[in-house]
Chemist: 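Below is one structure. I have some questions about it.
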There are 2 protein chains.
Amino acid sequence: MADQLTAAGKALAVLGTFTRDRPSQSLSQIANRTGLALSTTHRVVTELAQWGALERTDEGDWHIGLRLWEVGSVCPRGQILRDVALPYMQDLYEVTHENIQLAVREGTEMVFVERIAGHRSVELRTMVGARHPLLGTAMGMVLLAYAPNEIREAVLAGPMDRHTPHTVTDPKTLRAMLAQTRRATCAVNDRQFQDHTVGVAAPVRLGEHGDVEAALGIVVAGQTGAAVRQLRHPVLAAARAISNVLGQRAGTR
Amino acid sequence: MADQLTAAGKALAVLGTFTRDRPSQSLSQIANRTGLALSTTHRVVTELAQWGALERTDEGDWHIGLRLWEVGSVCPRGQILRDVALPYMQDLYEVTHENIQLAVREGTEMVFVERIAGHRSVELRTMVGARHPLLGTAMGMVLLAYAPNEIREAVLAGPMDRHTPHTVTDPKTLRAMLAQTRRATCAVNDRQFQDHTVGVAAPVRLGEHGDVEAALGIVVAGQTGAAVRQLRHPVLAAARAISNVLGQRAGTR
DNA sequence: GACGCCGCTTCCGTCACGCGGAAGCAGGGC
DNA sequence: GCCCTGCTTCCGCGTGACGGAAGCGGCGTC
């Protein structure tokens with residue numbers, strides 16, 4: 001994280017050092033990670049805190065402030081999307097009691113925006129706010145299938161992680177699966193990411209032009225075949241319902 | 001929103017102009033609201049966009065970017081609290097099918113952090129990310145009951161909105177209600193905010209010292225008396241469960 | 001209790017970076 | 001074609017940001 005030397009850039013660099021794994025850190029840790037001088041860091045941090053972007057713990061460490069969360073929650077592809085989708089994810093969860101997830105594509109990755117995980121569902125590795133590659137999951141498959149060409153090519157040309165023996169890494173097969181995803185308006189991931197778990201995902205359209213930028217997915221344990229195929233309809237219906245609400249909103253804005 | 005004249009401050013001022021009601025705006029709108037010169041605004045906005053804090057719509061308007069949402073989601077009292085609480089709110093919702101809400105206190109107000117609202121529940125006015133005064137709601141009563149003295153005094157001395165004929169505005173009565181809230185570890189709001197709706201709320205403890213900084217609440221329509229009293233136990237249990245998880249987390253951090 | 005270490009805070013002189021007026025540009029309405 | 005509005009780019013001036021260094025305070029050590 002080199003110094004671009006612009007004042008606002010330093011502030012953003014400071015904010016960027018906070019992650020889910022490192023939600024709070026001391027002044028010198030921030031200084032180290034940003035490469036800024038300690039005194040500079042101090043000034044920037046103090047100013048951010050004054051505005052409410054950062055807060056201080058009793059121990060003197062710093063963490064992201066509620067004010068910044070509030071502003072971040074105005075993100076159309078973040079909290080606002082989440083707010084619209086949650087009731088439908090809710091319904092879906094109640095029927096299935098499995099993990100329900102919502103993600104948006106950001107470049108060649110996806111960011112998890114919402115997740116409903118009751119106590120009875122499979123334990124998942126992903127977290128809200130986390131980034132994840134597109135390959136290897138049903139949600140990623142959906143996002144990739146409807147992504148612009150350059151994104152698709154970049155991903156298919158890039159490195160591919162093999163998570164399980166079932167992970168598909170052959171570009172030709174992947175292309176066929178993407179075509180199939182577009183045809184069926186939904187993707188199924190059979191143990192490609194984790195052994196014993198199967199995912200089903202469907203596209204959510206947002207924006208004025210109805211572009212697909214989000215995906216709704218469900219993850220279930222151990223089942224294959226007919227049981228999974230039955231999940232397609234509720235998932236598709238929920239995704240379509242969310243898209244409809246978003247479309248209406250865009251119109252009335 | 002006067003100019004404090006510091007560079008980072010201008011960037012923050014720009015971010016601060018985005019609200020739920022105004023999620024996207026043009027360059028000149030931002031310039032007007034911040035009081036910055038157009039060229040300055042342009043430079044700042046461009047830089048924020050480059051980092052990912054802002055994004056541009058096809059129409060040329062600006063809105064909060066996903067990157068900022070990601071950073072905001074690292075807020076302990078925001079998304080992280082939400083992630084811990086959601087499964088329990090989930091369970092509570094499934095039993096009741098009523099609105100379940102989570103809020104944290106920020107000064108003399110509260111900020112809604114999470115909300116589960118199925119299609120069958122009462123329509124509420126509040127939104128996730130919104131601020132709200134403490135008086136007049138069960139959740140606010142809980143937050144006020146456990147707030148530092150100076151906050152409590154400030155609120156009781158301040159102006160009080162009367163929402164319905166049932167709204168309590170007498171400081172003496174309010175003090176008695178706060179004491180009762182602490183005694184019962186939960187608050188009940190009988191039609192003080194909206195006619196025909198009743199709220200029940202319980203404290204959530206977070207932070208190392210187990211301070212109460214959040215409240216879990218439920219809002220139901222039309223009922224009073226015994227039906228409401230029965231809600232106290234599940235709400236209390238859920239709030240306690242969330243507090244426990246948060247306590248353990250703080251220990252292992 | 002004195003010493004030293006470490007991390008945070010404050011100070012201040014220098015200098016480059018941010019500032020905003022003004023000019024240029026693109027769209028679109030009359 | 002003209003004007004008007006809103007966005008973008010340019011550039012010289014002056015001020016606010018920079019970071020080295022000194023000061024401070026808490027804590028562990030001898």
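Every value quoted in this text rests on a predicted model; they were computed, and no experiment measured them. FYI, side chains are in, hydrogens and waters are out, and symmetry mates aren't considered; it's all heavy atoms of this structure. So you know, we letter chains A, B, ... as the sequences are listed, proteins then strands, and number each from 1.
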Chemist: Can you tell which of dT8(D), dC18(D), dC19(C) lies closest to the side chain of Arg56(B)?
Modeler: dT8(D)
Chemist: May I have the distance from Leu38(B) (atom CG) to dG24(C) (atom C1'), rounded to whole angstrom?
Modeler: 14 Å
Chemist: Separation of Glu59(A) atom CD from dC8(C) atom P, in whole Å?
Modeler: 13 Å
Chemist: Can you check the Ile30(B) CD1 to dT8(D) P distance for me, whole Å?
Modeler: 11 Å
Chemist: To the nearest angstrom, how far is Gln29(B) atom CD from dT5(D) atom P?
Modeler: 16 Å
Chemist: What contact category does Ser39(B) fall into here, base, sugar-phosphate, or nothing, at under 4.0 angstrom with non-hydrogen atoms?
Modeler: base
Chemist: Output the rounded distance in Å from CH2 (Trp62(A)) to C1' (dG7(C)).
Modeler: 14 Å
Chemist: Does CD belonging to Gln50(B) count more than 12 external heavy atoms closer than 6.0 Å?
Modeler: no
Chemist: Using a heavy-atom cut-off of under 4.0 Å over every strand shown, decide if Ser26(B) touches base, sugar-phosphate, or nothing.
Modeler: sugar-phosphate
Chemist: Please determine whether a side-chain nitrogen or oxygen atom of Thr40(A) lies at a distance below 4.0 Å from atom OP1 or OP2 of dC18(D).
Modeler: no
Chemist: What nucleic acid atoms does Ser28(A) come within less than 4.0 Å of, heavy atoms only: base, sugar-phosphate, or nothing?
Modeler: sugar-phosphate
Chemist: From C-beta outward on Lys10(A), which listed nucleotide comes closest to its side chain: dG20(C), dC18(D), dT9(C)?
Modeler: dC18(D)
Chemist: Does Arg43(B) place a side-chain N or O at less than 4.0 Å from the phosphate oxygens OP1/OP2 of dG18(C)?
Modeler: no
Chemist: State whether Thr6(B) places a side-chain N or O below 4.0 Å from either non-bridging phosphate oxygen (OP1 or OP2) of dA17(D).
Modeler: yes
Chemist: Do Leu54(A) and Ile64(A) have side chains that get closer than 4.5 Å, going by heavy atoms?
Modeler: yes
Chemist: Which atom names give the shortest non-hydrogen contact between Val104(A) and Ala214(A), and what distance separates them?
Modeler: CG1-CB, 3.9 Å
Chemist: I need the CD-C1' distance between Gln25(A) and dC8(C), as an integer number of Å.
Modeler: 15 Å
Chemist: Say whether, by atom type as modelled, one donor and one acceptor occur between the side chain of Arg115(B) and the main chain of Val128(B) under 3.5 angstrom.
Modeler: no
Chemist: If you pin Leu27(A) and Glu47(B) to their nearest nucleotides in DNA chain C, which one's is more 5'?
Modeler: Leu27(A)
Chemist: Of the listed nucleotides (dT9(D), dG18(C), dG6(D)), which one gets closest to any side-chain atom of His42(B)?
Modeler: dT9(D)
Chemist: Using the salt bridge (charged side-chain N to carboxylate O under 4.0 Å, His left out) rule, pick out the option among Arg77(A), Arg131(A), Arg20(A) that qualifies with Glu70(B).
Modeler: Arg131(A)
